[in-house]
Undergrad: 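There's a structure below that I have some questions on.
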Amino acid sequence: MQELDDVKQFLPGDAEVSDIRFEGSDIVIYTDSKDFFLDNSNTVKRIVSELKKRVEVRPSSKLFSEPERAEEKLEDVISDEAKLEELIFQPSLGKVIIRAEKPGAVIGQNGQGLEEIKEEVLWSPQVERVPSISSKVVDRARELTVEDPEFRKDFLHEVGEKIRLEKSTEDQWVRLSSLGGFRQVGRSCLLLQTEESNILMDCGINPSAESGSTDNFPYLNAPELDLRDLDAVILGHAHMDHSGMIPYLYKMGYDGPLYCTKPTRDLMIMNTLDYIGIAHSEGAEAPYDSSAIKQAVKRTITPDLGEVTDITPDVRLTLKNAGHILGSALVHLHVGEGLHNVLYTGDYNYDESEMLRPADTNFQRVETMITESTYGGRDDKQQPREEAQKKFLSKMKQTLNKGGKVIVPVFAIGRSQEILGMLADELDRDYFDYPVYMDGMINDANALHTAYPEFLSKKVQKKIMKEEDSPFLKEQLHAIGSHNERKEAMDSGPAVILTTSGMVTGGPVMSYLENLASDPDNSMIFVGYQAEGTLGRKIQNGRSPIEVNGKTVEVNMDVETVSGFSAHSDRQQIINFCRNLRSSPNRVLTNHGEEKKCFQLASTLHKSLHIDTEAPQNLEVTRLN
Ligand SMILES: [Zn+2]
């Protein structure tokens, strides 16, 4: 390939290069020379500035020491302060993955620690943070991410070759097919096509559709989608209505790359494995099994936020913080050389939250924006966060003072951490002498938050780094892992119980309802959206008695709803986001909202920004340029 030949021109005579490979959009040079491996920064700088490609130099197998010997040395070189947990050697890539509780202590000031490691063992170090909470689910997810490095090496090279194929310059067009999640919430899926490229963004399930109904999944049978021609899949965030069908694409024959952030990859593994587990426990069949998830993970490429990555001959991808859940990203695609720029927001929050920074508006150019409309309706105005907190805490205290239990139904990812973050300050106060139980996958999601502090708000990031302050490590917090522990929690005195599922449609919350709903001393506080038809919505509307686990239960507990903890932007925040974008869009398409809200948001944005807006329906195709 031309580009690899171009790289050769920049290499010094004594570089002793054994191989040059693509790694997706990047280039990796393998060398037999110790000197070149340890000192190549000038060469790399020149290649980066001339070819505009990221380059890394790694040792060939001739160079690096035996893993057993390297392990001994590394344990010596890496300070105890780093709390080294695991070393994973990947000889085919010349890489050693160093998993430690304190990566900073491995890396050292100005990367001094990494330099020392390279000198000592002649391996390329890659440092990962170990979660400060143990979780089997997270361990399993992270195991998958380092499986089969030989396969990955070949796969990433092939991806690199495809990205660099000659592009035709004849007919330049960009079009977007809405395959799911338009004028509805659920099964988000968009196909972006150009003369050169077929790119899918998100591929989710529809959690509110009846099981077995055709509304469950996106329109993957649309005539313009052929999985064999698909070049790339991009996942904005790990909620199931965006990620749930990604493994299915691999089951059906797609074998190309999946682009997302690292936390999104890990959360997707966690969610999809759980989805399969639940389906089995209910005697139903999931649309794929764990081997499809493995296939996806092996092909996942995880750019950093803000990093520009070529993904096809004519499309460049940049992911930026979306502020919605851990790892969530706004997807920016630059098509052609300045032909068209698309911003697909996915779910985003333009408000400061406890855990996350607000969505990033720093995009150099945006011609078409596709925005979610979950709370884009005319009357969607969120309660300010401070008011929400006050209301929540006052209800909680009232119940605890009566000696009752507070049940908070939450989704495992997102809202539960928001609530924990808010409770963290309270847990330090004298009055709070009560246990906080977490049931469902909340603790596993917490663990992943502690592994990626760089994706969190500055405030929480600092707290996690100073472990004694971490909101996830307070001594009052108890993760429930068994039936017996759940029973103990229910038999204990006053307590706060955070439990899944968030809309009371199944999961451990059902046991708590069955045993605690009839006691007027207890309370249930809703902090998230309860969809039409869910048991959560019924309880919220005052229904009593209710059917739980085949029993009739009187609802005598207090029921309270607190809005204002949303992970989505409300109408005004969406308008502000559009206004504050560094480059304002010429056209906005709305999706991910009830039909009425998609239309209302389109009309609002048209009036306030004086731009073209549309609310396409599913299966509509829109030409963007
Ligand atoms: Zn979401």
Side-chain angles (χ1 to χ4, degrees), residues 180-190 201-209 217-218 233-246 260-261 263-272 274-275 305 319-331 343-351 353-360 370-376 380 382 409-419 440-442 445 448-449 452 455-456 500-503 505 527-531 534 536 563 565-570 573-574 577 590-594 597-598 601:
F182 284 73
R183 299 190 199 168
Q184 67 177 171
V185 177
R187 59 167 169 172
S188 282
C189 191
L190 305 83
M201 295 185 278
D202 288 352
C203 193
I205 57 161
N206 186 0
S208 58
F217 310 127
V233 177
I234 305 164
L235 173 61
H237 74 283
H239 276 148
M240 286 298 280
D241 57 329
H242 296 256
S243 72
M245 288 297 273
I246 299 256
C260 63
T261 64
T264 296
R265 172 197 61 193
D266 296 359
L267 288 169
M268 177 197 75
I269 301 172
M270 201 163 118
N271 279 344
T272 47
D274 185 54
Y275 174 62
L305 291 179
L319 300 173
K320 291 202 175 181
N321 171 47
H324 173 62
I325 59 166
L326 176 69
S328 62
L330 307 165
V331 177
L343 175 62
Y344 166 53
T345 67
D347 297 353
Y348 66 113
N349 190 2
Y350 194 42
D351 193 10
S353 70
E354 187 68 30
M355 282 291 144
L356 304 169
R357 301 186 295 273
D360 202 328
I370 304 134
T371 177
E372 65 143 322
S373 325
T374 319
Y375 294 113
D380 287 325
Q382 257 158 55
V410 276
F411 287 112
I413 304 162
R415 202 63 46 91
S416 27
Q417 287 75 35
E418 272 304 298
I419 299 295
M441 279 201 315
I442 297 171
L448 270 185
H449 281 70
Y452 296 108
F455 282 83
L456 303 175
T500 58
S501 75
M503 295 191 201
T505 48
V527 290
Y529 177 70
Q530 304 298 309
T534 58
S563 67
F565 293 113
S566 174
H568 297 268
S569 306
D570 70 8
Q573 283 159 357
I574 295 174
F577 177 83
T590 59
N591 76 341
H592 197 286
E594 290 163 14
K597 300 196 178 192
C598 287
L601 182 64

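For ligands, and for the atoms within them, numbers begin at 1 and follow the listed sequence.
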Undergrad: What is the minimum heavy-atom distance between G204 and P218, and which atoms define it?
TA: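 The pair with the smallest heavy-atom distance is O-CD, 3.1 Å.
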
Undergrad: Apply side chain to side chain donor-acceptor pair (under 3.5 Å) to residues H239 and D347 and explain how you reach the verdict.
TA: CA-CA 9 Å; H239 276 148; D347 297 353; 4.5 Å; no

Undergrad: Could you check whether the rings of F577 and Y348 sit parallel, tilted or perpendicular, using 30° and 60° as the cut-offs?
TA: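 Tilted, since the angle between the ring planes falls between 30° and 60°.
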
Undergrad: To the nearest 0.5 Å, how far apart are NZ in K597 and CG in D380?
TA: 3.5 Å

Undergrad: Look at the rings of H568 and H324 and say which category their plane angle falls in: under 30° parallel, 30 to 60° tilted, over 60° perpendicular.
TA: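 Tilted: the ring planes of H568 and H324 meet at 30° to 60°.
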
Undergrad: If waters are left out, how many protein N/O/S atoms lie within less than 2.8 Å of the Zn ion (ligand 1)?
TA: 4

Undergrad: Can you label the angle between the H237 ring and the H242 ring as parallel, tilted or perpendicular, going by 30° and 60°?
TA: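 Because their plane-to-plane angle lies in the 30° to 60° range, the rings of H237 and H242 count as tilted.
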
